[in-house]
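Please read the structure below before turning to the comments.
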Number of protein chains: 2
Amino acid sequence: MSRAAQTDLAVLAALSLGPATGYALREAVHEHLGLFWSESFGQIYPALTRLRGEELVAADRGDRPGSTVHRLTPAGRERLVELMREPPPTSPPRNGMLLRLFFGNVLGAEACRQLVTESRARAVALLERLAVARATTESEPDSPQRPYSLMTISAGEHSARAAIAWADETLAALG
Amino acid sequence: MSRAAQTDLAVLAALSLGPATGYALREAVHEHLGLFWSESFGQIYPALTRLRGEELVAADRGDRPGSTVHRLTPAGRERLVELMREPPPTSPPRNGMLLRLFFGNVLGAEACRQLVTESRARAVALLERLAVARATTESEPDSPQRPYSLMTISAGEHSARAAIAWADETLAALG
DNA sequence: TCCGTCATGTAAATGGTTACATGATTCG
DNA sequence: CGAATCATGTAACCATTTACATGACGGA
């Protein structure tokens with residue numbers, strides 16, 4: 001997997017849903033992929049410039065002066081499938097909450113409880129966001145996209161429920 | 001939270017378990033924190049140099065010529081507690097597997113099944129490693145460290161079981 | 001008119017991995 | 001003796017965020 005391939009993948013994938021400006025692209029990633037992906041402007045604009053150079057995306061003038069609407073070219077769609085078939089890179093683990101909890105006897109029991117309580121609250125909030133996302137998705141008419149959206153929502157739900165169950169068990173152990 | 005604080009935290013925390021060389025420190029992080037944390041030599045050695053400069057760790061000559069054993073100073077222990085009380089930074093989400101699955105109609109059903117199957121296999125393998133870690137920890141004599149080790153192991157178990165349950169559900173949906 | 005949003009881009013700083021260079025020690 | 005391990009450190013590279021600079025448009 002070559003340079004910056006993950007951002008290229010995300011940008012090409014987002015464009016596969018329809019043409020968009022760089023700005024709208026970032027909105028769409030935040031809105032639809034926000035639960036498991038993120039991109040910043042500092043990544044998106046250089047990526048679009050590069051992808052234009054490789055003729056994987058084409059640029060048209062947008063409604064507003066100075067705005068540029070990008071769309072996938074056939075070569076871009078090929079490249080997208082190619083990138084998607086690459087195994088997803090696994091990033092090294094970095095869980096600040098567990099790092100702190102592991103050294104709980106240095107941190108103290110009260111601070112540990114707070115740590116786990118806050119972690120639980122984040123999982124509960126996530127579960128609420130997921131409930132909204134599920135309701136929205138289920139109320140939309142069926143589409144080729146829908147089952148896959150529901151699968152990623154379900155992944156979040158399983159993960160959040162596990163986090164809550166663990167937090168409850170751990171809070172009980174912490175007394 | 002200032003510069004490179006997360007690595008400082010991990011290094012100071014690892015040293016709180018006992019003095020160590022940079023090399024041994026990396027081994028210890030990999031061995032004991034590997035399930036939720038990672039550090040590379042390229043981080044550890046500059047961090048040790050910096051922490052020595054701040055007199056948060058002290059350096060003694062080791063058994064081997066040229067080797068340096070580091071230990072926490074009292075100021076280092078204070079700093080450690082201070083860093084641990086900072087809220088753990090939440091890194092932006094980046095889940096390559098879910099990104100690919102979300103665009104499953106571009107990827108194709110067969111490749112989706114493979115993606116989820118591999119994800120399930122990783123979770124099963126993780127669960128096995130966790131079973132070993134749990135058995136090891138439970139067979140050791142009780143210590144102030146042990147309950148916290150078990151809590152982090154339990155976090156991994158909950159997360160891995162949730163990943164397996166989700167994978168089974170999703171594979172059923174994918175047919 | 002002024003503010004919020006849409007829009008594009010760059011520069012700097014940050015955080016991190018990987019590869020490399022170097023050499024001693026231990027054990028088979 | 002030779003290989004694996006212990007040990008330290010640097011340099012290059014990569015990915016990413018944040019802040020900044022700039023400006024047009026639409027509506028209160």
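A note on names: the letters A, B, ... follow the listed sequences, proteins ahead of strands, and every chain is numbered from 1. Predicted model only: the values in this text are computed from it and were never measured.
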Heavy atoms of other groups near B:Asp63 CG, more than 12 under 6.0 Å | no

Taking CD from B:Gln43 and P from D:dC13, how many angstroms apart are they, rounded to a whole number?
-> 18 Å

Options D:dT18, D:dC25, C:dT8, nucleotide nearest the side-chain atoms of A:Ser40 = D:dT18

Take the protein atom CH2 of B:Trp37 and the nucleotide atom P of C:dG15, then report the distance between them rounded to whole Å.
-> 12 Å

Nucleotide nearest A:Arg64 (side chain, heavy atoms from C-beta), chosen from D:dA15, C:dA7, C:dA24 = C:dA7

Check every atom of C:dT8, D:dA24, D:dT10 against the side chain of A:Thr68 and return the nucleotide holding the closest atom.
-> C:dT8

Report the distance from atom CZ of A:Phe41 to atom C1' of D:dA15, rounded to the nearest whole Å.
-> 18 Å

Measure the distance from CZ on B:Arg94 to P on D:dT17 and round it to the nearest whole Å.
-> 6 Å

Taking atom P of D:dA21 as reference, at what distance in whole Å does atom OH of A:Tyr45 sit?
-> 18 Å

B:Thr7 versus B:Gln43, side-chain donor and acceptor atoms under 3.5 Å | yes

Salt-bridge contact B:Arg100-A:Glu86 (side-chain N to carboxylate O under 4.0 Å) = no

To the nearest Å, how far apart are A:Glu27 CD and C:dT5 C1'?
-> 9 Å

Rounded interatomic separation in angstrom, taking CZ from B:Arg26 and C1' from D:dT8 | 14 Å

Between P of D:dT16 and CD of A:Gln6, the distance in whole Å | 8 Å

Selection from D:dT8, C:dC6, D:dT10 that lies nearest to any side-chain heavy atom of A:Tyr23 = C:dC6

Can you tell me if the side-chain N/O atoms of B:Thr7 get under 4.0 Å from OP1 or OP2 in C:dG16?
-> yes

Establish, with yes or no, whether the OP1 or OP2 oxygen of D:dT17 is under 4.0 angstrom from a side-chain nitrogen or oxygen of A:Ser38.
-> yes

D:dT8 phosphate, OP1 or OP2: any side-chain N/O from B:Thr21 under 4.0 angstrom?
-> yes

Ring geometry between A:Phe102 and B:Phe36 (parallel below 30°, tilted from 30 to 60°, perpendicular above 60°) | tilted

Which part of the nucleic acid does B:Thr49 contact within heavy-atom distance under 4.0 Å: base, sugar-phosphate only, or nothing?
-> nothing

So what does B:Gly66 hit on the nucleic acid, given a heavy-atom distance under 4.0 Å: a base, only sugar-phosphate, or nothing?
-> sugar-phosphate

With a 4.0 Å cut-off on heavy atoms, is A:Gly42 in touch with a base, just the backbone sugar-phosphate, or nothing at all?
-> base

Trace of the side-chain hydrogen bond (donor to acceptor under 3.5 Å, both in side chains) decision for A:Glu118 with A:Gln114 | CA-CA 6 Å; A:Glu118 279 163 11; A:Gln114 196 191 328; 2.9 Å; yes

